[in-house]
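Computed over heavy atoms, backbone and side chain alike; hydrogens, waters and symmetry mates excluded.
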Amino acid sequence: MHCSVKWHLTHKERKDHMIKIGDICPLFFSPLKNKFQQDIDYIQRFHVNDRILIQIFSNDASHAVRAHLYNLVSGVQTAISLSEYEVNDTVKMYYSAITGLSDSVYALEVSDASGNFQSTSEPFSICSDSLLLEETCLIKYSHKDNNSPFDNIFWVGETQLFFEFRIEGGFKPNSYSPKVENEQFRNQKQEIIELYSVPYDTFALSCGNSSGIPYWFIQFINKVLCLSDFCVNGVAYVRSGNSVPEVTQISEDSQMFWASVLLEKRENNLSGLGGIPGGSSAINLVGFNINNPKEGEMLQYDSSQLAFVNTDKIEV
């Protein structure tokens with residue numbers, strides 16, 4: 001059973017705003033901009049086969065949600081068919097996966113039936129030519145259950161929902177760093193014995209091409225890395241430790257940025273001829289075999305027992 005998402009709005013917000021767009025929707029609504037700086041000349045891009053999953057929440061059953069897609073090139077307006085899901089006794093989710101659009105530039109408008117709420121997304125383009133999206137990477141994200149820091153639903157019944165998002169960037173060869181997790185023991189001759197050693201890698205995900213990306217893309221990446229499922233071009237990654245995006249401004253007056261964040265693959269695909277490395281290694285079996293300890297005895301590692309044993313003399 002998957003728990004229901006919490007409704008994070010305060011009482012005042014519930015009264016004033018009956019409609020809320022999901023926290024990690026792959027489209028962006030009313031981001032903060034500075035009118036005194038350079039204009040943001042940026043249009044988000046998707047492939048025609050990408051699934052743009054939108055989720056809108058209403059905490060009043062009388063406030064039904066509507067969504068319309070505007071083709072900003074042709075001027076045609078199309079209603080989006082929304083599925084409904086009862087989150088709990090007071091909150092209903094309206095959602096839809098937009099895909100298969102023709103090549104153009106669009107904006108999504110969300111409103112309620114009473115006309116008290118209306119919000120329009122930033123423009124986004126749909127492209128059927130994969131070559132034009134070669135510098136982008138596809139990010140898919142979801143969560144193990146509905147208990148996340150965000151007002152979003154990732155499971156409807158037993159069906160897991162995946163969001164898709166595309167960003168300029170990827171992994172550069174110089175973003176790779178080799179790492180190792182090991183444990184060593186130094187004997188009385190000061191020789192190092194490797195008890196346990198497993199290599200792993202970190203990769204810096206670079207975000208932004210030569211023109212950069214808006215800050216809200218960086219904020220978005222930091223959010224979705226808090227989820228259990230985060231894939232870049234089909235490969236699952238996790239945030240490395242508590243790393244956050246390192247941000248560089250394109251120029252002093254610009255509202256565009258570059259960013260990079262340190263990731264690790266979720267699975268370290270290592271296996272030797274005998275199976276999973278470390279399955280019978282000292283790190284799993286090493287212990288302390290203390291038998292009738294006496295005053296003045298010391299501990300010494302005994303490789304035949306794969307353990308530290310108590311002894312009254314040190315052998316080298």
Side-chain angles (χ1 to χ4, degrees), residues 21-55 67-77 80 97-99 101-110 118-141 150 163-172 175 204-225 230 232-233 244-261 263:
I21 298 166
D23 291 332
I24 47 176
C25 174
L27 301 178
F28 300 94
F29 295 79
S30 304
L32 179 66
K33 299 178 183 179
N34 188 344
K35 64 180 180 180
F36 300 107
Q37 287 182 277
Q38 294 178 12
D39 289 338
I40 298 177
D41 184 17
Y42 181 86
I43 295 181
Q44 186 178 3
R45 294 186 287 175
F46 290 95
H47 189 268
V48 65
N49 294 328
D50 294 345
R51 299 178 73 253
I52 308 171
L53 178 60
I54 58 169
Q55 294 183 347
H68 292 85
L69 197 65
Y70 287 92
N71 187 320
L72 300 180
V73 177
S74 67
V76 175
Q77 174 183 329
I80 299 295
I98 302 171
T99 188
L101 299 175
S102 59
D103 289 29
S104 192
V105 179
Y106 298 87
L108 181 71
E109 181 185 272
V110 176
Q118 182 174 323
S119 185
T120 303
S121 74
E122 292 291 300
F124 62 94
S125 67
I126 301 294
C127 181
S128 59
D129 189 346
S130 298
L131 291 177
L132 297 178
L133 298 173
E134 194 172 19
E135 66 178 3
T136 68
C137 57
L138 179 64
I139 294 176
K140 295 182 67 173
Y141 57 97
F150 310 111
F163 294 79
E164 296 186 3
F165 172 79
R166 194 171 286 274
I167 188 173
E168 288 80 8
F171 297 102
K172 300 177 181 178
S175 73
L205 175 64
S206 298
C207 303
N209 56 14
S210 59
S211 300
I213 52 176
Y215 84 88
W216 55 83
F217 272 50
I218 303 169
Q219 181 187 46
F220 175 86
I221 291 294
N222 191 46
K223 284 182 177 180
V224 296
L225 278 171
F230 179 90
V232 181
N233 291 336
V244 295
E246 297 183 3
V247 182
T248 303
Q249 190 174 13
I250 295 289
S251 63
E252 184 177 354
D253 194 45
S254 175
Q255 298 187 70
M256 301 291 283
F257 303 87
W258 295 303
S260 66
V261 59
L263 307 179

For Phe217, which of Phe257, Tyr42, Trp258 qualifies under ring pair (Phe, Tyr, Trp, His ring centres under 6.0 Å)?
Tyr42
Nearest 0.5 Å, please: how far is CD1 in Ile213 from CD1 in Ile40?
11.5 Å
Audit row: Val247, Tyr215, side chain to side chain contact (heavy atoms under 4.5 Å, CB included) steps and yes/no:
CA-CA 9 Å; Val247 182; Tyr215 84 88; over 6 Å; no
Taking the side chain as every heavy atom from C-beta outward, state whether Ile52 and Ile126 have any pair of such atoms under 4.5 Å apart.
yes
Compare all side-chain heavy atoms of Cys207 with those of Glu168 and state whether any distance is below 4.5 angstrom.
no
What distance separates Ile221 CD1 from Ile139 CD1, expressed to the nearest 0.5 Å?
3.5 Å
Side chain to side chain, Ile167 and Phe220, heavy atoms closer than 4.5 Å
no
Testing the basics here: between Ile43 and Ser125, what is the closest heavy-atom pair and its distance to 0.1 Å?
CG2-N, 3.7 Å
Value for CD (Glu135) from CG (Asn209), rounded to nearest 0.5 Å, stands at 4.5 Å
So OG of Ser130 and CG of Asn49: to nearest 0.5 Å the spacing works out to 8.0 Å
Would you please test Leu263 and Leu225 for side chain to side chain contact (heavy atoms under 4.5 Å, CB included) and show each step?
CA-CA 9 Å; Leu263 307 179; Leu225 278 171; 3.7 Å; yes
How close do Met256 and Pro214 get, counting heavy atoms only, and between which atoms?
SD-N, 3.9 Å
Can you confirm whether Lys33 is buried at NZ, in the sense that more than 12 heavy atoms of other residues, nucleotides or ligands lie under 6.0 Å from that atom?
yes
Taking every non-hydrogen atom, the tightest pair across Pro123 and Leu72:
CB-CD1, 4.0 Å
Just checking Glu246: does its CD atom have more than 12 heavy atoms from other residues, nucleotides or ligands closer to it than 6.0 angstrom?
no
Of all heavy-atom pairs linking Ala67 and Leu108, the shortest is CB-CD1, 4.3 Å
Which pair of heavy atoms, one from Ile218 and one from Pro245, lies closest together, and at what distance?
CG2-CB, 3.6 Å
Nearest heavy-atom pair of Trp216 and Glu122: which atoms, and what distance?
CZ2-OE1, 4.1 Å
Check step by step if side chain to side chain contact (heavy atoms under 4.5 Å, CB included) holds for Phe29 and Val110.
CA-CA 10 Å; Phe29 295 79; Val110 176; 4.1 Å; yes
Taking the side chain as C-beta and beyond, is there a heavy-atom pair between Phe124 and Ile98 under 4.5 Å?
no
Take atom CZ in Arg45; do more than 12 heavy atoms of anything else shown fall under 6.0 Å from it?
yes
So for atom CD, which belongs to Gln77, do other residues, nucleotides or ligands contribute more than 12 heavy atoms lying within a distance under 6.0 Å?
yes
Counting neighbours of CG on Asp41 that are heavy atoms of other residues, nucleotides or ligands and sit closer than 6.0 Å, is the number greater than 12?
no
Quick one: does Ile24's side chain get under 4.5 Å of Phe165's, heavy atoms only?
no
Would you call Arg166 and Asp50 a salt bridge, taking side-chain N to carboxylate O under 4.0 Å as the test?
yes
Checking the side chain of Asp103 only, and the main-chain atoms of Cys127 only, is there a donor and an acceptor separated by less than 3.5 Å?
no
Atom NE2 of His47 and atom CG of Leu101: how far apart are they, to the nearest 0.5 Å?
12.5 Å
What is the distance from atom OG1 of Thr120 to atom NE2 of His68, rounded to the nearest 0.5 Å?
11.5 Å
Side-chain heavy atoms of Cys137 within contact of Phe171, under 4.5 Å:
no
Using a 3.5 Å distance criterion without hydrogens, assess whether the side chain of Ser128 forms a donor-acceptor pair with backbone atoms of Val48.
no
Is any side-chain heavy atom of Phe46 closer than 4.5 Å to a side-chain heavy atom of Glu164?
no
Ile21 vs Ile54 side-chain heavy atoms within contact, under 4.5 Å:
no
